[in-house]
There are 2 protein chains.
Amino acid sequence: MSLYLRCLGELESAGRETVSSKELAGKFSISSALVRRDLGLFGAFGKAGVGYEVKSLKDALMSKLGLKRAWKVAIVGAGRLGLALARHKGLTQSKFKIVAIFDKAPERTIAKRDSGFEVLHVADLPRTVKERGVELGIIAVPGANAQEAADTIVRAGIRGILNFAPTHIDVPHGVFVHHVDFTIYLENLAYYVNEASHQKGHSVDRGGRD
Amino acid sequence: MSLYLRCLGELESAGRETVSSKELAGKFSISSALVRRDLGLFGAFGKAGVGYEVKSLKDALMSKLGLKRAWKVAIVGAGRLGLALARHKGLTQSKFKIVAIFDKAPERTIAKRDSGFEVLHVADLPRTVKERGVELGIIAVPGANAQEAADTIVRAGIRGILNFAPTHIDVPHGVFVHHVDFTIYLENLAYYVNEASHQKGHSVDRGGRD
DNA sequence: AAATGTGAAACATTTCACAGCT
DNA sequence: AGCTGTGAAATGTTTCACATTT
C-alpha cells in the first residue's frame, strides 16, 4: 500500500502537518477504520484527537517499504519502450535510478540517434550488474525474448523484475515479478465500459462513506 | 479475470481441445474449485469427466468480456512513451486498435523523424473521436498535463481511460480509469526483495496446491 | 471535541468435500 | 475413473461501534 505514501508526499509538499484517518480514507473511498488498521501494521503513530503527523508517518512508511535509500535498476531492451521508460519522469524523479540499459544489438538501437544513452550488450550484463550493484530489472523486450531476458538477469543475481513483455515469465522461487500487461488493462476497461452501456445507471464506485 | 482468456489462447494455439479446472488452477497457483466457480459465473460449460472445451470456453469468455469485436483507442501524448505504446506488439496484435494519436504540439514530436505516425493536434480531438468512433483513451502526457488531457477526452465522450501519467486523475462518475504507475510497481518489488533479504527462507508464493 | 486503536460483527473470497454426470 | 458444480466450512478483509487518549 504505497498509495498512502504517494498521498503523504502530496500533503507534505502542500505544507500540511497532520492528517486524520478520515481524510486519507476519503481519498481512496475506503473507511477510516481500515486506514487506521493499515497504518497500525507499521507500528501505530497517530495521536488521538489530532491524527497522524504527516512527516513522521511518511518517514515510517518509507522505512518499512525499504525506500529510505535509492534502488539501482537496469533495463533490458533498448527499443522504443525501454528508452521511453528510461526517460520517464515518474521514474527519473523517484528513488529508482536507471544505471544501465542493455540490448542484444546495441549498435542498432535508436539510442544512437536519440539522446545518447549508453546501451550495453547483454553479454556485459552479468559483469555490469555486479559492478554497479543493480538490484531490480525491467524487461522491455519483445515477448519472444522475454523468458531469455528473465533467465539472464536472474542468473546475474537480480531478484525483482518488472516485466513489460506481453508474456508470462517463469522465475525460480525467491524472485519476484510484476507483470505489466497493457492489453489486460484495456480488456478490463472494455469490460466496464461495455457493462455500463448495457445496464444504464450501473456504478462501480459505490460512493463515499464515513 | 481475463487472465483465463490469455491462457486459453495459448492452449488453443498449442492445439489443445479440452482443459480441466485442475490444469488451469495449476497455472495460477489457485485451487481447481475456484476455477470452476469463476467459470461458472459465465454460465457453466464444463463436461463432467472431461473438462472444458477450450474453443467454446474462450468464445464464451470473449463474449462476456466484450471482446468479440475490435475496440478503437486513441492515445493522447506523442512523446516517447505514447509512440512506444502505439507500436507495442502486445497492443498491435490485440483487439485494441490505435486509430489516432494526439499531442499539444504535433509538429514538435519525434513522430515526424520517426516512423511517420500521423499525430493530430488536441484541438482536433473532439471531432476525430466522433468521426472515428474512438471508445477508449490512453493518457501518455507528463503528469502536469494529465488532468487536462483527461478532461478533454471525457468531454469528447470517452468512458474508459488508461492513465500512464504519474498522477491521479479525477473523472466524473461513470468513467473508468486504470492507473499504470511504474513507480508503485517498483516500490512493491523493492519491498518484497527487501523483506526476502531480511527474513531468509521467507516465501510469498505458498507453493502448489491440489 | 476530535481523533485513535481495537474487539466483535459483517461481508467477501477461497477451499474442502462430495453428490452426481459422462 | 475422472471430472464438474455446489453446499458448507474455513479463511481473509472491511466495517461498525465504542472505550480511551489528547
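Chain letters run A, B, ... following the sequence lines, proteins first and then strands; every chain starts at 1. The figures here come from the full heavy-atom set of this structure, side chains too, leaving out hydrogens, waters and symmetry mates.
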>> Just N and O in the side chain of B:S21: are any of them under 4.0 Å from OP1 or OP2 of D:dT4?
In response: yes
> Below 4.5 Å, heavy atoms only, C-beta onward: do A:H179 and A:I184 meet side chain to side chain?
Replying inline: no
> Quick one: A:L57 CG to C:dT4 C1', roughly how many Å, whole number?
Replying inline: 13 Å
> When the distance from CG of A:L24 to P of C:dA3 is rounded to whole Å, what number comes out?
Replying inline: 12 Å
> Can you check the A:F28 CZ to D:dT15 C1' distance for me, whole Å?
Replying inline: 18 Å
> Is A:Y52 near enough to C:dG5 that one of its side-chain N or O atoms lies under 4.0 angstrom from OP1 or OP2?
Replying inline: yes
Pull out every protein N or O sitting under 3.5 Å from an N or O of nucleotides 18-22 of chain D, one pair per line with the distance.
unit_1, atom_1, unit_2, atom_2, d
D:dT22, O4', A:A48, O, 3.4

> Starting at CG of B:L39 and ending at P of D:dG5, how long is that distance when rounded to a whole Å?
Replying inline: 8 Å
> So how far off straight is the helix from C:dA1-D:dT22 to C:dT22-D:dA1, going by the axes through five pairs at either end, to 10°?
Replying inline: 10°
>> Between P on D:dT11 and CG on B:L34, what's the gap in Å once rounded to a whole number?
In response: 16 Å
> Side chain of B:A33: nearest nucleotide among D:dT4, C:dG5, D:dT6?
Replying inline: D:dT6
>> Contact between A:C7 and B:H168 at the side-chain level, heavy atoms closer than 4.5 Å - yes or no?
In response: no
>> Using whole Å, what does the distance between atom P of nucleotide D:dG5 and atom CZ of B:F42 come to?
In response: 14 Å
>> I want to check something: taking the side chain as every heavy atom from C-beta on, are B:T183 and A:L91 in contact at a cut-off of under 4.5 Å?
In response: yes
> How are the rings of A:Y192 and B:F176 set to each other: parallel, tilted or perpendicular (split at 30° and 60°)?
Replying inline: parallel
>> For a quick check, tell me whether the side chain of A:R37 and the base of D:dT15 share a donor-acceptor pair closer than 3.5 Å.
In response: yes
> Excluding sequence neighbours, so at least two apart, what forms ring pair (Phe, Tyr, Trp, His ring centres under 6.0 Å) with B:Y185?
Replying inline: A:H178
>> Without decimals, in angstroms, what is the distance between B:F45 CZ and C:dT22 P?
In response: 15 Å
>> With salt bridge (Lys or Arg N to Asp or Glu O under 4.0 Å) as the rule and sequence neighbours excluded, what pairs involving residues 148-174 of chain A come up?
In response: A:K104-A:E148
>> Using a 4.0 Å heavy-atom cut-off, does B:G51 contact any base of the nucleic acid, only the sugar-phosphate backbone, or nothing at all?
In response: sugar-phosphate
>> Going by the rule side chain to side chain contact (heavy atoms under 4.5 Å, CB included), which residues pair with B:L57 if we only count those two or more places apart in sequence or in a different chain?
In response: B:L8, B:L39, B:Y52
> Who are the side chain to side chain donor-acceptor pair (under 3.5 Å) partners of A:S2, not counting sequence neighbours?
Replying inline: B:E187
>> Are A:L162 and A:L136 packed together at the side-chain level, in the sense that at least one heavy-atom pair is separated by less than 4.5 angstrom?
In response: no
> Rounded to the Å, how far apart are A:L41 CG and D:dT14 P?
Replying inline: 11 Å
